[in-house]
Engineer: 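Please see the structure below; I have some questions.
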Amino acid sequence: MASVCFYFQVHQPYRLRRYTVFDSDSKYFDNVKNSEICKKVANKCYLPTNLLLLELIKKHQGRFKISFSITGVLLEQLQLYAPHVLASFQELAGTGCVEFLTETYFHSLSFLYSQDEFIEQIKSHRQAIQHFFGQTPRVFRNTELIYNNALAELIGKMDSFDAILTEGADHIMGYRSPDFVYRPVSDSRLKLLLKNYRLSDDIAFRFSNRAWSQWPLNADRFATWVNAVNGNGYTVNLFMDYETFGEHQWADTGIFNFMRHLPDEILKHPHNDFKTPSEVVAAYDAVGVIDVPYTISWADIERDLSAWLGNHMQQNALSELYKLESKVKSTNDKEIISDWRKLQISDHFYYMCTKWFSDGDVHKYFNPFNSPYEAYINFMNVLDNLNSRCSKALQQIKRQSLDIPIVPDPTIMQATEKRISKLTN
């Protein structure tokens, strides 16, 4: 049997406005641009794809299943700018054929810098999924599928999850196939579901590439590739950005027609089905252990952290950001803490990437700044202002504590008065 497991990452960041050394206000984010992009992607991708998936779920009477991870920052934006799209995700949740996963609320790299912040964001995101979709997630995916042995150990200690999603990177897998279920080295209970990046990227990246030998890709040909897994694996994990549909692959490429016909073609094979990640975990035993001593991700051809930590600008920006954690949280100022967390969104550091080789076009496409250097300077200007706000807030707290009058304990006062009365009599 080959079970197809569709997982879609749904995310849009809070983009920073142009912020110079001459700016002193705390309005860091470009709300006009964020609203504009959220509405555009909602109309091009989220709404039409949600409607299509709902149609397919109803058509196949529950045999077609999918899963999502929607970041907390996008849920906030959908509430503000596209509530009808949020409602359409909730309608999908109501079918019983859609699973929602947990990740870091702010789509952050906090796992690499602060265990406490990482856990706080996971708990916040889990609560958001429970609130909006009525599900308590049992499967975890870290930002950009970032993973190593230490992450599995930490997630295992939380005792809240059954599985973790990550990349089926060649240098980790070796001769093994990502089409089986595995376990991490640190936890015999957790399971690992690994992205089949070849088949996933056929849809996400190569679909509209006219130079690709398999172009144009249609549903029946893709289904034959899935069928080939029968007898050679348990699950074909197709993990990709949800923006693949209508945004990265425009409607005129035929991506929606491809998706409309794919379930029919997959289900023609009597041994194929669709499963959510939790169903894959429940259905199949792990065949072995995956040892990942070095951190991997699903980004670029390297499948490592170089998209966010590949140069000194990125390293410096992240280091300075997380150095502020204690100071920020000591202010107990909700707005300061919220702004600091929004600055953790991984996209800010992706914009600073200087990899202009095999993956250069991808980084240029997603970058709202003219250059990585401009992105870095802009970010550091904002961070400097946030640091100043923290200092002022802490000074205010200190002044307030000094201004508090000392109120004598009445019991002590009465006892003292009695002693004085005795001495004077």
Engineer: Check whether any side-chain N or O of Ser330 sits under 3.5 Å from a backbone N or O of Ser326 as a donor-acceptor pair, and report yes or no.
Structural biologist: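 Checked: pair present.
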
Engineer: Do Asp25 and Arg389 sit within salt-bridge range, that is, some charged N less than 4.0 Å from a carboxylate O?
Structural biologist: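 Arg389 and Asp25: not salt-bridged.
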
Engineer: Going by an N to O cut-off under 4.0 Å, is there a salt bridge joining Arg221 and Glu265?
Structural biologist: no

Engineer: Strictly under 6.0 Å, is that where the ring centroids of Phe89 and Phe68 end up?
Structural biologist: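 Under 6.0 Å, so yes.
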
Engineer: Would you name the heavy atoms of Ser346 and Thr143 that are closest together and state the gap between them?
Structural biologist: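 Ser346 and Thr143 have their closest heavy atoms at OG-CG2, 3.8 Å.
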
Engineer: Side chain to side chain donor-acceptor pair (under 3.5 Å) between Tyr46 and Glu243: does it pass, once the steps are laid out?
Structural biologist: CA-CA 8 Å; Tyr46 302 152; Glu243 291 79 10; 2.5 Å; yes

Engineer: Evaluate the side chain to side chain donor-acceptor pair (under 3.5 Å) criterion for residues Tyr322 and Ser110: first the C-alpha distance (whole Å), next the side-chain angles of each, then the deciding distance (0.1 Å), finally the verdict.
Structural biologist: CA-CA 8 Å; Tyr322 282 97; Ser110 53; 4.7 Å; no

Engineer: Does NZ or CZ of Lys342 come closer than 6.0 Å to the centre of the six-membered ring of Tyr14, within 45° of the ring's axis?
Structural biologist: yes

Engineer: For His348 and Phe379, take the angle between the two ring planes, folded into 0 to 90°, and tell me which bin it lands in: parallel under 30, tilted 30 to 60, perpendicular over 60.
Structural biologist: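 His348 and Phe379: tilted rings.
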
Engineer: Apply side chain to side chain donor-acceptor pair (under 3.5 Å) to Ser69 and Glu103, showing your working.
Structural biologist: CA-CA 7 Å; Ser69 178; Glu103 63 163 274; 2.8 Å; yes

Engineer: Using distance only, find each side-chain donor-acceptor pair of residues 52-64 under 3.5 Å and give its atom names and separation, not counting sequence neighbours.
Structural biologist:
unit_1 : atom_1 : unit_2 : atom_2 : d
Lys59  : NZ     : Asp264 : OD2    : 2.7

Engineer: Strictly by modelled atom types, are Gln121 and Ser108 linked by a side-chain donor-acceptor pair under 3.5 Å?
Structural biologist: yes

Engineer: Could you list all the ring pair (Phe, Tyr, Trp, His ring centres under 6.0 Å) pairs where at least one residue sits in residues 178-197, not counting sequence neighbours?
Structural biologist: Phe180-Tyr234

Engineer: Taking NZ, NE, NH1 and NH2 as the nitrogens, is one of them in Lys275 or Asp273 under 4.0 Å from a carboxylate oxygen of the other?
Structural biologist: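 Answer for the salt bridge query: yes.
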
Engineer: For the pair His125 (side chain) and Ile70 (backbone), establish whether a donor and an acceptor sit closer than 3.5 Å, ignoring hydrogens and angles.
Structural biologist: yes

Engineer: For the CD atom on Gln315, are there more than 12 heavy atoms of other groups (residues, nucleotides or ligands in this structure) within a distance under 6.0 Å?
Structural biologist: yes

Engineer: Could you please spell out the steps behind the salt bridge (Lys or Arg N to Asp or Glu O under 4.0 Å) verdict for Glu99 and Arg138?
Structural biologist: CA-CA 9 Å; Glu99 180 176 9; Arg138 297 294 305 176; over 6 Å; no

Engineer: Any ion pair linking Asp170 and Arg198 (charged N to carboxylate O, less than 4.0 Å)?
Structural biologist: yes

Engineer: Does Tyr28 have Arg15 sitting over its ring (NZ/CZ under 6.0 Å from centre, angle to axis within 45°)?
Structural biologist: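 The answer is no; the distance or angle limit is not met.
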
Engineer: Without swapping roles, check the side chain of Ser200 against the backbone of Phe239 for a donor-acceptor pair under 3.5 Å.
Structural biologist: yes

Engineer: So does Arg183 pair up with Asp162, basic N to acidic O under 4.0 Å?
Structural biologist: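 Answer for the salt bridge query: no.
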
Engineer: Are Glu302 and Lys355 close enough for a salt bridge, meaning some N to O gap below 4.0 Å?
Structural biologist: yes

Engineer: Verify, without hydrogens or angle tests, whether Thr235 (side chain) and Ser3 (backbone) share a donor-acceptor contact under 3.5 angstrom.
Structural biologist: yes

Engineer: Give a yes or no on whether a salt bridge exists between Glu117 and Arg341, defined as a side-chain N under 4.0 angstrom from a carboxylate O.
Structural biologist: yes

Engineer: When you measure from the side chain of Ser297 to the backbone N and O of Leu305, does any donor-acceptor pair fall under 3.5 Å?
Structural biologist: no

Engineer: Run the salt-bridge test on Glu120 and Lys329 with the 4.0 Å N-O cut-off and return the result as yes or no.
Structural biologist: yes

Engineer: Evaluate side chain to side chain donor-acceptor pair (under 3.5 Å) for Asn232 paired with Asp179, printing each intermediate quantity in order.
Structural biologist: CA-CA 8 Å; Asn232 301 297; Asp179 301 330; over 6 Å; no

Engineer: Would you check, one step at a time, whether the test side-chain contact (heavy atoms from CB on, under 4.5 Å) holds for Asp347 with His11?
Structural biologist: CA-CA 10 Å; Asp347 304 64; His11 169 64; 2.8 Å; yes

Engineer: Take atom NE2 of His171 as the centre, draw a 6.0 Å sphere, and report whether it contains more than 12 heavy atoms from other residues, nucleotides or ligands.
Structural biologist: yes

Engineer: For ring-ring contact (aromatic ring centres under 6.0 Å, His included), just list the numbers for Phe6 and Phe8, CA-CA rounded to whole Å, side-chain angles, deciding distance to a tenth of an Å, and then say yes or no.
Structural biologist: CA-CA 7 Å; Phe6 262 119; Phe8 302 116; 5.4 Å; yes

Engineer: Is Gln314 reaching over with its side chain to a backbone N or O of Asn311, donor-acceptor style, under 3.5 angstrom?
Structural biologist: yes

Engineer: Testing Asn385, Asn381, Asn378 one by one against Tyr19 for a side chain to side chain donor-acceptor pair (under 3.5 Å), which residue passes?
Structural biologist: Asn385

Engineer: Side chain of Lys191, backbone of Tyr284: donor and acceptor closer than 3.5 Å?
Structural biologist: yes

Engineer: More than 12 heavy atoms of other residues, nucleotides or ligands under 6.0 Å from CD of Gln115: yes or no?
Structural biologist: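 Not more than 12 within 6.0 Å, no.
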
